[in-house]
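To start, the structure itself, in structure tokens.
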There are 2 protein chains.
Amino acid sequence: MRTPSKHAETIYALLKQSSGPLSANEIWQSLQASGIGLATIYRILKRGVESGALCEANLPGGQTRYEPTGLKHHHHFLCSDCNRAIDLEGCVPGLENIVPPNFSITGHEILLFGHCADCSEAA
Amino acid sequence: MRTPSKHAETIYALLKQSSGPLSANEIWQSLQASGIGLATIYRILKRGVESGALCEANLPGGQTRYEPTGLKHHHHFLCSDCNRAIDLEGCVPGLENIVPPNFSITGHEILLFGHCADCSEAA
DNA sequence: GTCGTTGCAAAGATTTTGCATTACC
DNA sequence: GGTAATGCAAAATCTTTGCAACGAC
């Protein structure tokens with residue numbers, strides 16, 4: 001154990017350099033060498049979400065993934081082969097058109113499924 | 001216990017008449033009176049997904065929700081107030097534009113957050 | 001010494017599975 | 001009787017929490 005929050009910094013750095021949101025388990029596996037406990041990772045992630053530094057990404061797979069806030073508006077691609085989540089830049093217009101009157105929209109998520117470049121090539 | 005698959009029919013009917021996908025727990029609560037076990041519901045849902053009659057909807061909230069397949073292409077709205085999931089008809093064009101080259105798309109989901117008509121009025 | 005952070009283990013919540021029982025044919 | 005479905009309880013996952021110990025100040 002080093003200085004308090006050292007682990008938090010490591011996790012934040014990992015998330016920032018990642019090409020997509022990571023699950024607690026994915027983070028844990030990346031940091032196995034540091035001897036960090038899974039519970040600590042969950043705690044850091046939870047603090048991050050509460051403080052607004054991180055947010056949750058809801059993707060299929062049974063595990064919640066996390067990413068830093070403050071990224072450019074983006075969406076996610078989930079590769080059906082390697083199961084990785086990848087950030088996609090950009091968005092699409094017209095979302096408000098599919099919501100009934102009297103509904104108010106505060107946010108949205110778009111999730112695309114398919115095969116990423118790596119897995120498309122490997123196939 | 002009645003005739004085999006009786007429960008399955010009940011669950012399918014419940015999902016078909018629902019205005020949005022339901023979680024195993026939501027189904028269980030609706031059917032408490034029938035004495036059905038939660039495990040049975042999970043089994044029926046799983047069989048439904050495997051047989052192609054049902055599909056999973058991945059919405060935040062820690063519980064997987066299910067809905068019948070064969071519905072018109074649609075997306076989901078999750079009310080931040082009442083936490084209900086509501087089907088939205090329609091879709092938006094241009095999704096393929098946000099995917100990098102060499103990625104192939106096999107499907108997509110759109111999730112909108114906000115306040116449904118009921119909760120907007122109540123506010 | 002105090003405060004926040006950590007690791008481990010236990011507890012929770014959701015979902016799955018084992019097994020004996022029951023229902024239908 | 002044979003096959004499939006069910007209920008209960010135990011197991012498997014993922015996540016959270018309790019608690020004692022550790023590090024920084």
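Lettering follows sequence order; numbering is per chain, from 1.
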Atom CD of B/Gln63 to atom C1' of C/dT16: distance rounded to whole Å? 15 Å

Using whole Å, report how far NE2 of A/His7 lies from P of D/dG23. 12 Å

Rounded off to whole Å, could you give me the CD1-to-C1' distance for the B/Ile27 and C/dT14 pair? 14 Å

Atom-to-atom span, CG of A/Leu38 to P of C/dC8 - whole angstrom: 11 Å

Select one nucleotide: of D/dT6, D/dG7, C/dG7, the one nearest the side-chain heavy atoms of B/Ile44. D/dT6

Rounded distance in Å - CH2 (A/Trp28) to C1' (C/dT6): 15 Å

Short side-chain N/O contact from B/Lys46 to OP1 or OP2 of C/dT17, under 4.0 Å: yes

Using the closest heavy atom to pick a nucleotide of DNA chain C for each, name whichever of B/Thr64 or B/Arg43 lands nearer the 5' end. B/Thr64

What distance do A/Ile41 atom CD1 and A/Thr10 atom OG1 have between them, rounded to the nearest 0.5 Å? 10.0 Å

Which whole-number value in Å describes the distance from B/Asn25 CG to C/dA13 C1'? 10 Å

Do the side chains of B/Ile44 and B/Ile27 get nearer than 4.5 Å, heavy atoms only? no

Measure from CZ on B/Arg47 to C1' on D/dT3 and round the result to the nearest Å. 13 Å

Donor-acceptor pair, A/Ser23 side chain versus A/Thr64 backbone, under 3.5 Å? no

Rounded to whole Å, OH of A/Tyr42 lies from P of C/dC8 at a distance of 16 Å

Would you call the rings of B/His75 and B/His108 parallel, tilted or perpendicular, where under 30° means parallel and over 60° means perpendicular? tilted

